[in-house]
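Structure first, commentary second.
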Amino acid sequence: MITIRENTICIEDYLSIRKKVNWPVLQEEQARKALASSIVVVGAYENEQLVGMGRVVGDGAVICYIQDLIVEPSMQKSGVGTMILHYLTEYVQQLKQPDSTMMLCLMCAKGREVFYEKHGFIARPTDKLGPGMIQYL
């Protein structure tokens with residue numbers, strides 16, 4: 001059974017799960033600051049073992065971003081990613097002020113667009129929205 005827990009992921013587990021999906025290596029201080037600066041960090045656990053995670057960053061009022069949605073390769077396509085995404089979306093929904101709109105954004109890995117579209121996210125560009133942009137420093 002998968003359980004979702006808030007703010008329990010240690011730096012070692014964060015770095016380890018990133019490595020399992022071949023994401024860029026972070027310095028320990030980067031990882032520490034990323035976790036500490038997040039609005040929320042959630043972990044998906046199976047038998048006390050971290051098998052997935054995600055975090056929300058942003059201002060918590062106008063815009064939030066889903067960041068680092070990671071599922072261990074052996075657990076991909078098992079529903080863990082959907083559980084994490086739903087949890088994070090509901091979390092942000094609770095932050096939203098009544099009678100307001102908040103943007104919930106993310107940048108996904110190439111080929112993962114269909115997963116997010118099936119959960120209500122819109123691929124950019126559209127007729128009203130330009131493309132997402134990025135700059136690596």
Side-chain angles (χ1 to χ4, degrees):
M1 183 172 137
I2 303 295
T3 57
I4 303 289
R5 295 188 208 135
E6 290 182 17
N7 303 317
T8 58
I9 297 174
C10 66
I11 293 162
E12 295 77 20
D13 286 346
Y14 178 44
L15 294 173
S16 174
I17 199 164
R18 287 178 60 91
K19 186 176 184 177
K20 289 177 182 178
V21 294
N22 298 314
W23 280 14
V25 175
L26 300 179
Q27 296 175 1
E28 199 168 299
E29 186 54 32
Q30 280 181 291
R32 183 182 331 282
K33 189 169 185 178
L35 294 176
S37 298
S38 300
I39 293 172
V40 69
V41 179
V42 299
Y45 294 85
E46 182 179 55
N47 301 321
E48 302 303 314
Q49 181 73 26
L50 181 68
V51 296
M53 69 160 293
R55 48 190 198 106
V56 172
V57 299
D59 59 27
V62 176
I63 191 165
C64 286
Y65 292 88
I66 293 178
Q67 188 67 38
D68 296 339
L69 182 58
I70 304 169
V71 177
E72 186 176 305
S74 67
M75 295 296 289
Q76 291 176 2
K77 300 191 189 297
S78 70
V80 172
T82 295
M83 285 178 68
I84 295 167
L85 186 59
H86 284 175
Y87 192 98
L88 294 174
T89 302
E90 289 175 19
Y91 188 95
V92 172
Q93 187 69 257
Q94 297 301 312
L95 298 176
K96 188 175 86 61
Q97 297 296 309
D99 302 317
S100 72
T101 300
M102 185 186 308
M103 290 184 289
L104 179 57
C105 306
L106 59 81
M107 291 176 41
C108 69
K110 188 91 170 141
R112 303 285 193 217
E113 298 87 351
V114 172
F115 171 77
Y116 293 103
E117 287 172 342
K118 124 177 131 174
H119 294 290
F121 287 85
I122 301 165
R124 293 178 72 163
T126 69
D127 59 336
K128 294 181 181 177
L129 299 170
M133 308 294 282
I134 190 169
Q135 181 183 46
Y136 288 103
L137 304 175

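Since the model is a prediction, treat every value here as computed from it, not as a measurement. Just the heavy atoms: all of them, side chains too, but no hydrogens, waters or symmetry mates, feed the values below.
Atom CD of Q27 and atom CD1 of I11 lie 12.5 Å apart (nearest 0.5 Å). Of the inter-residue distances, the one linking Y87 atom OH with R5 atom CZ reads 11.5 Å to the nearest 0.5 angstrom. In this structure, the separation between CD1 on I122 and NZ on K128 is 10.0 Å, given to the nearest 0.5 Å. Atom NZ of K19 is separated from atom CG of L26 by 12.5 Å, given to the nearest 0.5 angstrom. Distance OG/S78 to CD/E46: 8.0 Å, rounded to 0.5 Å. One distance of note links OG1 of T3 with CG of N47; it measures 9.0 Å at 0.5 Å rounding.
The backbone N or O of V41 lies less than 3.5 Å from a partner atom in the side chain of N7, making a donor-acceptor pair. Using modelled atom types, one side-chain atom of D59 and one backbone atom of A61 make a donor-acceptor pair closer than 3.5 Å. Judged purely by atom type and a 3.5 angstrom limit, R18 has no side-chain atom pairing as donor or acceptor with the backbone of V25.
Residue I63 qualifies as enclosed at atom CD1: its count of foreign heavy atoms under 6.0 Å is above 12.
Listed here is the closest heavy atom pair of I4 and A44: CD1-CB, 3.7 Å. Considering all non-hydrogen atoms of both residues, P131 and P125 come closest at N-CB, 3.7 Å. Looking at every heavy atom in both residues, A31 comes nearest to L15 through CB-CD2, 3.7 Å. Across G52 and L50, no two heavy atoms sit closer than the pair O-CD1, 3.1 Å. Smallest separation of non-hydrogen atoms from R124 and G132: CB-N, 4.3 Å.
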Which atom pairs, donor and acceptor, lie under 3.5 Å between side-chain atoms of residues 96-112 and protein residues at least two apart or in another chain?
residue: K96; atom: NZ; partner: S100; partner atom: O; Å: 2.9
residue: S100; atom: OG; partner: Q97; partner atom: N; Å: 3.4
residue: S100; atom: OG; partner: Q97; partner atom: O; Å: 2.5

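Under the 4.5 Å side-chain heavy-atom criterion for Ile, Leu, Val, Met, Phe, Trp and Tyr, V71 and L35 are members of distinct hydrophobic clusters. Placement of M53 and V21 within a single hydrophobic cluster is found when ILVMFWY residues are connected by side-chain heavy-atom separations under 4.5 Å, directly or transitively. Under a hydrophobic clustering in which Ile, Leu, Val, Met, Phe, Trp and Tyr are joined whenever their side-chain heavy atoms come within less than 4.5 Å, directly or via other members, L85 and V92 fall into the same cluster.
M75 has its side chain within reach of I2: a pair of non-hydrogen atoms, C-beta onward, lies under 4.5 Å apart. Side-chain contact between Y14 and R55: present, with at least one pair of heavy atoms (C-beta onward) separated by less than 4.5 Å. Residues Q94 and E90 fail the side-chain proximity criterion, which asks for heavy atoms closer than 4.5 Å. Looking at heavy atoms from C-beta onward, I39 lies in side-chain contact with L95 at the 4.5 angstrom threshold.
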#### Entry: Criterion side chain to side chain contact (heavy atoms under 4.5 Å, CB included) on Y45 and I9, from CA distance to verdict
CA-CA 10 Å; Y45 294 85; I9 297 174; 3.7 Å; yes
### Test side chain to side chain contact (heavy atoms under 4.5 Å, CB included) applied to W23 and I17, step by step
CA-CA 9 Å; W23 280 14; I17 199 164; over 6 Å; no
### Task
Begin from the C-alpha positions of V42 and Y91 and carry the test side chain to side chain contact (heavy atoms under 4.5 Å, CB included) through to its verdict.
CA-CA 10 Å; V42 299; Y91 188 95; over 6 Å; no
### Task
Dump the intermediate steps for side chain to side chain contact (heavy atoms under 4.5 Å, CB included) on L69 and Y116, then the final yes or no.
CA-CA 11 Å; L69 182 58; Y116 293 103; 3.1 Å; yes
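With salt bridges taken as basic N to acidic carboxylate O contacts below 4.0 Å, none links E29 and K33.
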